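On a predicted model such as this, the values are computed, not experimentally measured, just so you know.
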Amino acid sequence: MLFAPDTEDSLTFTVALLNTVPGANATGGDELATPAELTELVDFHQYAGRFDRDDAELASVLEIRGRLRRIWTLSRDELVDEINAMLREAHASPQLMRHDALDWHLHAVPMDAPLAERIKVESAMALLDVARSNETWRMRACEAFDCEGLLLDLSKNGSKRFCSVRCGNRMNMVAWRARQVD
């Protein structure tokens with residue numbers, strides 16, 4: 001285990017959110033185009049708290065998705081500047097909480113805060129752990145030449161290269177075909 005379970009959960013959700021953009025997923029389109037698709041994503045990841053399930057909430061989540069995508073591959077120092085800015089903007093106040101079936105874990109904004117603000121702060125808190133552990137190299141872009149996906153490498157040896165099995169298989173097939181021609 002590299003990070004606390006709530007940090008890994010938040011990072012996993014963040015990567016899933018970031019890879020809903022066109023070119024970063026199997027469908028090729030925006031997988032977060034409707035409030036229903038947003039609901040499906042947060043339900044799948046068991047995201048707790050307030051959900052308005054409307055177009056305004058979707059628009060604010062899409063805005064934070066864009067911001068998080070822009071900072072994902074920044075250098076450690078640049079990432080820390082962005083993390084600090086997000087936490088300041090939200091007036092984050094970290095505290096331990098228990099809810100649902102979860103044991104003590106960190107929250108830094110109230111559960112009734114707007115979804116986009118909770119995503120921003122929970123992602124920032126998780127990224128904070130990555131940065132202070134000097135593990136930002138685990139946050140990368142997919143190495144598939146035709147993919148816009150991002151990945152989080154939680155493997156022991158840090159060798160993950162692709163955002164999905166689909167990209168890995170596709171690139172292996174490209175390499176195999178290239179070897180057959182030679």
| Where do Q95 and L106 land on the side chain to side chain contact (heavy atoms under 4.5 Å, CB included) test, with the steps shown first? | CA-CA 6 Å; Q95 51 194 291; L106 277 175; 6.0 Å; no
| Does V80 belong to the same Ile/Leu/Val/Met/Phe/Trp/Tyr cluster as W137, with side-chain heavy atoms less than 4.5 Å apart forming each link? | no
| Chi angles and distances behind the side chain to side chain contact (heavy atoms under 4.5 Å, CB included) call for L115, L38 | CA-CA 10 Å; L115 177 61; L38 175 58; 3.9 Å; yes
| Using the ring of each side chain (for Trp, its six-membered ring), is F13 parallel, tilted or perpendicular to Y47, with breaks at 30° and 60°? | tilted
| request: Run the numbers on L128 and L87 for side chain to side chain contact (heavy atoms under 4.5 Å, CB included), then give the verdict. | output: CA-CA 10 Å; L128 180 147; L87 294 173; 3.9 Å; yes
| query | Going only through I, L, V, M, F, W and Y residues with side-chain contacts under 4.5 Å, is there a path from M97 to F51? | reply | no
| Checking salt bridge (Lys or Arg N to Asp or Glu O under 4.0 Å) for the pair D43/R53: CA distance, chi angles, key distance, verdict? | CA-CA 12 Å; D43 286 351; R53 293 171 167 64; 3.8 Å; yes
| When clusters are formed by joining ILVMFWY residues with side-chain heavy atoms under 4.5 Å apart, either directly or through shared neighbours, do W104 and V109 land in the same one? | yes
| query | Side-chain contact, heavy-atom cut-off 4.5 Å: L58 with L32? | reply | yes
| Applying the 4.5 Å side-chain criterion to the ILVMFWY set and letting contacts propagate, would L62 and W72 be lumped into a single cluster? | yes
| task | Return the minimal non-hydrogen interatomic distance between E122 and S10, and the atom names on each side. | result | O-OG, 3.0 Å
| Donor-acceptor pair, side chain of N25 and main chain of T27, under 3.5 angstrom | yes
| Just wondering, do R69 and N19 contact through their side chains at under 4.5 Å, heavy atoms? | yes
| From L152 CG over to T14 OG1, what is the distance, rounded to the nearest 0.5 angstrom? | 9.0 Å
| note | Note: S155 and D153 closest approach over all heavy atoms is OG-OD1, 2.5 Å
| said: Using modelled atom types and a 3.5 Å cut-off, is there a donor and acceptor pairing between side-chain atoms of E78 and backbone atoms of S75? | reply: yes
| note | For M111 and A48 the tightest heavy-atom approach is CE-CB, 3.4 Å
| request: To the nearest 0.5 angstrom, please state how far the CG atom of L18 sits from the CG atom of L150. | output: 5.5 Å
| note | Applying salt bridge (Lys or Arg N to Asp or Glu O under 4.0 Å) to D77 and not counting sequence neighbours gives none
| query | Minimum heavy-atom separation for A85 to R67, with atom names? | reply | CB-NH2, 3.9 Å
| request: Please tell me if the side chains of E82 and R70 come closer than 4.5 Å, counting only heavy atoms from C-beta onward. | output: no
| note | The residue among L127, I71, V15, L151 that forms side chain to side chain contact (heavy atoms under 4.5 Å, CB included) with M139 is L127
| said: Between M171 and D146, is the side chain to side chain contact (heavy atoms under 4.5 Å, CB included) condition met? List the steps. | reply: CA-CA 10 Å; M171 293 302 101; D146 59 347; 3.9 Å; yes
| field | E63 CD: over 12 foreign heavy atoms closer than 6.0 Å | value | no
| said: Is it the case that atom CD in E40 sees more than 12 heavy atoms from other parts of the structure closer than 6.0 Å? | reply: no
| request: Measure the shortest side-chain to side-chain distance between D54 and P35 over non-hydrogen atoms and say whether it is less than 4.5 angstrom. | output: no
| request: Look at the aromatic rings of H99 and H107 and report parallel, tilted or perpendicular, splitting at 30° and 60°. | output: tilted
| field | C142 to F162 - nearest heavy-atom pair and separation | value | SG-CA, 3.7 Å
| message | Is the shortest side-chain heavy-atom distance between C147 and C163 below 4.5 Å? | response | yes
| query | From R177 CZ over to M173 CE, what is the distance, rounded to the nearest 0.5 angstrom? | reply | 5.0 Å
| request: Rounded to the nearest 0.5 Å, what's the gap from CZ on R65 to OG1 on T20? Could you check? | output: 4.0 Å
| task | Drop me the distance from H105's NE2 to D9's CG, to the nearest 0.5 angstrom. | result | 9.0 Å
| From T7 atom OG1 to L2 atom CG, the distance as rounded to the nearest 0.5 Å | 11.0 Å
| note | Nearest heavy-atom contact between P110 and R118 is O-CD, 3.5 Å
| task | Mind checking salt bridge (Lys or Arg N to Asp or Glu O under 4.0 Å) for E57 and listing every partner two or more places apart, or none if nothing turns up? | result | none
| Would V21 end up clustered with L17 when hydrophobic side chains under 4.5 Å apart are linked, directly or stepwise? | no
| Mind checking whether D129 and L11 have side chains closer than 4.5 Å, heavy atoms only? | no
| remark: By salt bridge (Lys or Arg N to Asp or Glu O under 4.0 Å), R88 pairs with (sequence neighbours left out) none
